[in-house]
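Note sheet for the following structure.
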Amino acid sequence: MKKSYILGALTVATLSAGAAAAGTLDDVKARDKLQCGVNTGLVGFASPDANGEWQGFDVAVCRAIAAAVLGDSSKVEFISTTGKTRFTALASGEIDVLARNTTWTFSRDVDLKFEFTGVNYYDGQGFMVPKDLGVSSAKELDGATVCIQTGTTTELNLADFFRANNISYEPVPIETDSEAQQQYLAGACDTYTTDASGLAATRATFDDPGAHVVLPEIVSKEPLGPLVRHGDAEWGDIVRWTLNALIAAEELGVTSANVAELSSGTGNPEINRLLGTEGTLGEMLGLDAEWAKRAIMVSGNYGEIFAKNIGVDTPVGLARGLNAQWTEGGLLYAPPFR
């Protein structure tokens, strides 16, 4: 292990321990604003629209948390982070939660002293190439130049894949998705590798998306989800159960269109507990009874958020796949609200 990595990990861990000493929930309430770390700009996941308003799959999670905690989904400051800056921003307290296509790994959870609060997108790393390169498999990329974001699991997976297949590559380091897109389209690299969802989002912005193909190999597991600092379990619970509320709402048939009606009471005890008409779940979180109702009202349940931002009818065009509910053959599964 390189000495620089050890020092970097110790620095992040030390910052994280200090920032978590105070209660994040109290800080957010006192500030009357959630500070959410997001991507620098990835269409479908987190990017400003023509009016400068942040939109996207990860953005919706941030807005749901703000609605649950502050009663207003607009009380969010979105802070752009790169693969390199995201962990320092969270550890130092610059942001309250990181919702930025970040993979849950052992070292990030344990060594860097962060707490992943769930998975909002099950992904895997892939490769995109120009169609005219004539490549149909990543195993044919021997000697290729590869655009790769530094400070990511993608960088490590790339080295593992090429080593395992006894082929070589030349890395072209980049910092952001927009830089990767520019370099790739300019021909500075033969292929761009990142999470398959990120490749789909990037390709959707091209003038001619059909001139580029995502190769069939998925070379890793990339469970992406929001994370917070170690040492503040109360705040971690709020972020975790807000995400779970969005997932459970889809399974239970609670949508943006019917949540107001259902919140007056139903014959389903779990819906009642979720929406606060029975039980004291909100009180257990240090919130009021309607925290989950507000979170769901912002952009709907998980399925609605997926469909609107990255689903098959959007330019990103992602199928649910592993991100379908467990009842539909996917991996999405919220623990019981009881």
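No experiment lies behind these values; they were computed from the predicted model shown.
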I'd like to know if the side chain of [X] pairs up with that of [Y] as donor and acceptor (distance under 3.5 Å, no hydrogens or angles considered).
X	Y	result
S92	E94	no
S256	E304	yes
T85	T88	no
E251	N301	no
E222	N157	yes
T103	T105	no
S299	R63	no
Q55	S47	no
Q181	T205	yes

Got [X] and [Y] here, is their nearest side-chain heavy-atom distance under 4.5 Å?
X	Y	result
C36	I95	no
L90	L227	yes
K84	T150	yes
W104	L224	no
W54	V76	no

CG (N166) with more than 12 external heavy atoms under 6.0 Å: no
Say whether, by atom type as modelled, one donor and one acceptor occur between the side chain of [X] and the main chain of [Y] under 3.5 angstrom.
X	Y	answer
N272	G265	no
D195	S197	no
T266	N268	yes
E179	E175	yes
K131	G210	yes
T152	E155	yes
T117	P226	yes
E53	D49	no
E140	S136	yes
D232	T24	yes

[X] [atom1] to [Y] [atom2] distance, which is reported to the nearest 0.5 Å:
X	Y	atom1	atom2	answer
R163	S168	CZ	OG	14.5 Å
L275	R294	CG	CZ	12.0 Å
Q325	I247	CD	CD1	7.0 Å
R86	T81	CZ	OG1	7.0 Å
M128	L199	CE	CG	5.5 Å
L287	I238	CG	CD1	4.5 Å

May I ask you to decide whether [X] forms a salt bridge with [Y], counting only side-chain N to carboxylate O separations under 4.0 Å?
X	Y	answer
D123	K221	no
R100	D58	no
R31	D96	yes
E217	K139	no
R240	D237	yes

Hphob cluster co-occupancy, V110 + V119, side-chain heavy atoms under 4.5 angstrom: no
Same apolar cluster (I L V M F W Y, side chains within < 4.5 Å links), I271/W291: yes
Geometric cation-pi criterion R320 and F306, 6.0 Å radius, 45° cone: yes
Sub-6.0 Å ring centroid separation between F57 and Y302: yes
Whether F337 and W241 hold their rings parallel, tilted or perpendicular, with breakpoints at 30° and 60°: perpendicular
F206 vs H212, ring pair (Phe, Tyr, Trp, His ring centres under 6.0 Å): CA-CA, chis, key distance, verdict: CA-CA 9 Å; F206 293 170; H212 305 269; 4.7 Å; yes
V146, T193, V129, N165 screened by side chain to side chain contact (heavy atoms under 4.5 Å, CB included) with L141, the one that passes: V129
Evaluation steps, side chain to side chain contact (heavy atoms under 4.5 Å, CB included), between Q35 and I79: CA-CA 7 Å; Q35 293 175 329; I79 297 174; 4.1 Å; yes
Side chain to side chain contact (heavy atoms under 4.5 Å, CB included) between Q125 and T194, worked out: CA-CA 5 Å; Q125 183 175 332; T194 188; 5.9 Å; no
Verdict with reasoning, F114 to F87, per ring pair (Phe, Tyr, Trp, His ring centres under 6.0 Å): CA-CA 9 Å; F114 295 131; F87 298 130; 5.6 Å; yes
